[in-house]
Amino acid sequence: MQLVWFRNDLRLIDNPALYHACATGEPVTAVVCMTPGQWAEHNESEARIAHWHARLDWLETQLNQDGVELKRLDLDRFSDCPNALLELARELSVSALRFNYEYPLNEQKRDRAVCQALNAVGIEALGYHGDLVVSPGQVLTGGGTPFKVFTPFSKAWMKRLLQMDHEPLPSPFADKAVRPETGLPQEEVVGEFVGARSAREKSLSLQLGSANKHFTYPVDDTSLLEHLNRFIHEQEPDYQRLRDFPSRHGTSGLSPALTIGSLSARQCLAALKATYQDESWQSSTWLNELVWREFYRHLLVSFPGQSRYEPFRPEVAERISWLDNQHHLEAWKTGETGFPIVDAAMKQLNETGWMHNRLRMIVASFLTKLLRIDWREGEAYFMSKLIDGDFASNLGGWAWSASVGADAAPYFRIFNPQLQSEKFDPNGEFIAEWLPELRQLEPKERHKPGAGQRYGRPAPIIDYKAARKAALDDYNRG
DNA sequence: GGGGTTTTTAG
DNA sequence: TAAAAACCC
């Protein structure tokens, strides 16, 4: 018996652990560990956990149809995994446990402990790299050291990519007609990208949001692959032009799927490449964002101290004195700072579990540079709300914003919320969507701090110029 | 990716 | 002469 341990790789296509387990020809059992105590400690959001469970239900149905049973182990912490998996492995007379690596420190420790426990009684435990297009350790400087700066990393990453096979693995249960790149039956990839639902596949979706606003996240493969292909064909060509405007649908919206592994990075890359006739996919702005995802995961492996919030650039970190202002922190969390773009963004996060990337940078700069609240507060809050909360990317992004991360913005780069708002929400549409009180103002009036006070919006909690000066003075004082 | 200031460029 | 680009912190 082969045992496949699913974690944040809830997929059949391009899943090395599952693929190689099936390739043995032995019967296969799947297992997941429910560790709510650990999830709470990691600030995992309700939205992400609900999404993960919905996808797991879909996965279980699929596995069952192919004769694979899914065992759910009800545990609490990662430290409960070794014994529970050992017990199950013995019960099922398992010859090998297979899993795909996860890169945060606690996950690495958990996996090492599981391997030790199983190996001690002669059961094989095998890890695979399936989360990234190019695995950690495969992208190094000429001197053999890890990159700390994104641009040279991305060049070396591309060079490495072109040397290696990076096609996604097919589903071990796939019919012959299924193309591994997309998982869609070949004849239906051409033309419209709808893709017939295979008869045995049930559609499932996750609904989030309040009574008047619903947000649906599809969890079945047909819908996900349709989403991916639709994005690649219809939106990716305009990604560079539209991605920074929160009121436009310019981003892929694939991050929730990537973070629970219902889609893999290699599937995304393959879908992108398939639409280009030449080499120009290599300079895709969207691909560059996927490379950021790779960069932050590589960094987490090369510099594991980051998982414990050790500063990447101590010389910067020690010059900053964080302010402990619960009133400001609460206003930021609830979207009541009096800065319309910040408040609209936080309302979007709180209601939908998602925030547009441009806005993530704006609210992060606001919290860390203008309120001067410790970036780790923001990092934790984002994790507690985001449906796409991803430790490596979230950590990297926040440390970048606070200027204490790898290849971070210089400290003096402090976003001006009003200018950002005027530039990226020029008609105030995004603001109006999330702060309905401001619809009564002319679009040009919606950006100013304190806008809409007579309609119930709060006064600004800080003065921008004074806060900016205070931050720079503090930093320069050391 | 910011902002203040200087330099270059287009009209 | 004003706007855009370049420069530096």
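What's counted below: heavy atoms across the whole structure, side chains too, no hydrogens, waters or symmetry copies. Keep in mind that what you see is a predicted model, and the values were worked out from it rather than measured. Chain identifiers are assigned alphabetically (A, B, ...) following the order of the sequence lines, protein sequences preceding nucleic acid strands; residue numbering begins at 1 within each chain.
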Once the angle between the rings of A/Tyr296 and A/Trp292 is folded into 0 to 90°, is it parallel (under 30°), tilted (30 to 60°) or perpendicular (over 60°)?
tilted
Relative to each other, are the rings of A/Phe150 and A/Phe153 parallel, tilted or perpendicular (30° and 60° limits)?
tilted
Single hit among A/Arg160, A/Gln163, A/His129 for side-chain hydrogen bond (donor to acceptor under 3.5 Å, both in side chains) with A/Gln138
A/Arg160
Using atom CD of A/Glu422 as one end and atom C1' of B/dG2 as the other, report the distance to the nearest whole Å.
15 Å
Between NZ of A/Lys423 and C1' of B/dG3 the distance, given in whole Å, is 13 Å
So, OP1 or OP2 of B/dG2: does either fall under 4.0 Å of a side-chain N or O from A/Tyr464?
no
What interatomic distance, in whole Å, is found between C1' of B/dG1 and the corresponding atom of C/dC9?
15 Å
Where the side chain of A/Phe412 is concerned, which of B/dG3, C/dC9, B/dG1 is the nearest nucleotide?
C/dC9
Output the residues of residues 241-255 of chain A in contact with DNA chain B, where contact means a heavy atom of the residue under 4.0 Å from an atom of the strand; sort by number or write none.
none
List in numerical order all residues of residues 354-377 of chain A for which some heavy atom is under 4.0 Å away from an atom belonging to DNA chain B.
A/Arg358
So the ring pair (Phe, Tyr, Trp, His ring centres under 6.0 Å) pairs with at least one residue in residues 459-478 of chain A (sequence neighbours excluded) are A/Tyr411-A/Tyr475
Start with the C-alpha gap between A/Leu367 and A/Trp375, add the side-chain angles, then the distance that decides, and say whether side chain to side chain contact (heavy atoms under 4.5 Å, CB included) holds.
CA-CA 7 Å; A/Leu367 184 77; A/Trp375 64 277; over 6 Å; no
List the steps and the verdict of side chain to side chain contact (heavy atoms under 4.5 Å, CB included) for A/Asn100 and A/Arg7.
CA-CA 8 Å; A/Asn100 299 307; A/Arg7 298 96 69 85; 5.5 Å; no
